[in-house]
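Start at 1 and go down the list; that is how both ligands and their atoms are numbered. Since this is a predicted model, take the numbers as computed values, not measurements.
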Amino acid sequence: MSYQNILSETENGITTITINRPSKLNALNRETIQELHDAFEEAEDSSKTKVVIITGSGEKAFVAGADISEFADFSVEEGGKLAAKGQELLFDFVANFSKPVIAAVNGFALGGGLELAMAAHFRIASDNAKMGLPEVSLGVIPGYGGTQRLPQLVGKGRAMEMIMTAGMIDANQALQYGLVNHVTTPEELIEFTGKIAGKIMRNSSVAIASAIRAINANFEDGENGFEVEIEQFGNCFGTEDFKEGTQAFLEKRKADFPGK
Ligand code: COA
């Protein structure tokens with residue numbers, strides 16, 4: 001598929017999706033959100049994709065937020081729809097993606113940009129990255145899951161402060177907060193992220209999909225995470241990957257997972 005605002009390429013099991021509007025600091029307009037949805041859907045369906053890395057093009061920004069020029073004149077109803085549609089098409093879609101999604105945060109990750117990074121399963125930042133949810137400085141609040149995912153990741157008090165001040169934190173503070181797992185130089189970001197993806201790809205993709213479901217259940221209203229874990233754990237026993245994984249261990253060899 002060809003895209004106007006993003007790049008998507010797959011190599012050695014890793015699909016790298018790059019938001020590519022550097023002149024607008026990769027701000028998420030409607031078209032970009034739809035294209036990201038389509039690229040993720042393509043990656044979901046492709047047997048070539050084992051892990052997705054999402055990043056921004058250029059040296060300055062991951063994503064500097066939702067495209068402010070698109071919603072400046074919206075009504076109450078349009079504002080609500082914007083958030084609902086964005087969450088459904090992209091942010092919840094990424095959070096519940098069955099293959100691992102890693103955000104490689106290569107610069108500003110603000111507003112919808114940080115929300116996208118937070119929807120990913122985990123984050124790695126370059127040391128020039130700056131993160132924040134500045135929406136209240138515009139008279140609005142985060143609408144792509146930020147008020148929910150930021151407190152889940154950094155704790156309620158820190159999230160309250162970040163959202164209320166509309167301020168930015170740097171990569172090291174984000175590391176201290178647990179918002180990102182690792183910090184690298186800008187030059188090493190993609191290679192380092194690729195190495196972590198490589199470690200993931202040695203394991204059973206079927207078991208990883210079950211683990212994502214069980215971990216996410218902890219954060220879903222009305223879901224009992226322990227029950228989801230029991231169900232997913234049981235399901236694993238019916239998979240080819242489980243047979244291969246346990247057999248390989250007993251035969252003292254490396255597992256070659258069929259991915260079923
Ligand atoms: N929506 C739309 N356009 C955006 C944007 C956004 N969220 N963020 C940046 N841009 C555009 C700018 O309008 C500018 O476009 P122009 O050259 O056509 O005027 C271009 O990207 C470069 O941004 P600029 O502001 O000139 O860069 P800077 O280095 O001076 O500042 C930021 C960088 C990130 C501090 C600043 O762009 C910013 O505050 N962006 C908005 C962040 C935000 O509030 N996001 C939450 C949205 S809900």
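Considering Val140, Leu133, Ile68 only, the shortest heavy-atom separation from atom 1 (N) of ligand 1 involves Ile68. Closest heavy-atom approach to atom 16 (P) of ligand 1 among the candidates Met168, Lys24, Lys130, Arg21: Lys24. Here the shortest heavy-atom distance to atom 42 (C) of ligand 1, taken over Pro22, Ala64, Pro142, Gly65, belongs to Ala64. For atom 43 (C) of ligand 1, the nearest non-hydrogen atom from the set Gly113, Gly132, Ala109, Pro134 comes from Pro134.
Residue Lys60 has at least one nitrogen or oxygen atom sitting less than 3.5 Å from a nitrogen or oxygen atom of ligand 1, judged on distance alone. At a 3.5 angstrom cut-off on N or O pairs, Ala66 counts as close to ligand 1. In terms of polar-atom proximity, defined here as any N/O pair under 3.5 Å, Ser69 makes no such contact with ligand 1. Polar contact check, Phe108 against ligand 1: no nitrogen or oxygen pair lies under 3.5 Å apart.
The two residues Asp67 and Ala27 make their nearest non-hydrogen contact at CA-CB, 4.1 Å. Taking both residues in full, the closest heavy atoms of Glu35 and Asn5 are given as OE1-N, 2.8 Å, listed atom of the first, atom of the second, then distance.
Protein heavy atom closest to atom 23 (O) of ligand 1, with residue, atom name and distance, is Leu25 CD1, 3.6 Å. Atom 2 (C) of ligand 1 has its closest protein heavy atom at Asp67 OD1, 3.4 Å. Of all protein heavy atoms, the one closest to atom 5 (C) of ligand 1 is Ala27 CB, 4.0 Å. Nearest protein heavy-atom contact of atom 39 (O) of ligand 1 is Leu110 CD1, 4.8 Å.
Cluster annotation: Val63 is not connected to Phe108 through the hydrophobic network of ILVMFWY side chains, with a link wherever side-chain heavy atoms come within less than 4.5 Å. Residues Leu114 and Ile53 fall into different hydrophobic clusters, defined by Ile, Leu, Val, Met, Phe, Trp and Tyr side chains chained together at heavy-atom separations under 4.5 Å. A continuous path of ILVMFWY side-chain contacts below 4.5 Å connects Val105 to Tyr144, so both sit in one hydrophobic cluster.
The nearest protein heavy atom to atom 13 (O) of ligand 1 is not closer than 4.0 Å. Less than 4.0 angstrom separates atom 48 (S) of ligand 1 from at least one non-hydrogen atom of the protein. The protein reaches atom 34 (C) of ligand 1 closely, with a heavy atom under 4.0 angstrom from it. For atom 37 (O) of ligand 1, a protein heavy-atom neighbour is present inside the 4.0 Å cut-off. When distances from atom 25 (O) of ligand 1 to the protein are checked, no heavy atom turns up under 4.0 Å.
One finds a salt bridge joining Glu244 and Arg253 here, because a Lys/Arg side-chain nitrogen approaches an Asp/Glu carboxylate oxygen to under 4.0 Å. Between Lys81 and Glu78, none of the side-chain N atoms (NZ, or NE/NH1/NH2) sits under 4.0 Å from a carboxylate O, so this pair counts as no salt bridge.
Defined by atom type and a distance below 3.5 Å, a donor-acceptor pair is present between the side-chain atoms of Gln34 and Asp38.
Side-chain atoms of Asn216 come within 3.5 Å of backbone atoms of Ala95 as a donor-acceptor pair (strictly under, hydrogens ignored).
Only the side chain of Glu135 comes within 4.0 Å of ligand 1, counting heavy atoms alone; its backbone N, CA, C and O stay farther away.
A distance of 10.0 Å separates CG of Asp241 from OG1 of Thr246, quoted to the nearest 0.5 Å. In this structure, CD1 on Ile6 lies 9.0 Å from CG on Asn20, to the nearest 0.5 angstrom.
Distances shorter than 4.0 angstrom occur between a heavy atom of Ser23 and an atom of ligand 1.
In this structure, Phe40 has its ring center at least 6.0 angstrom away from the ring center of Phe93.
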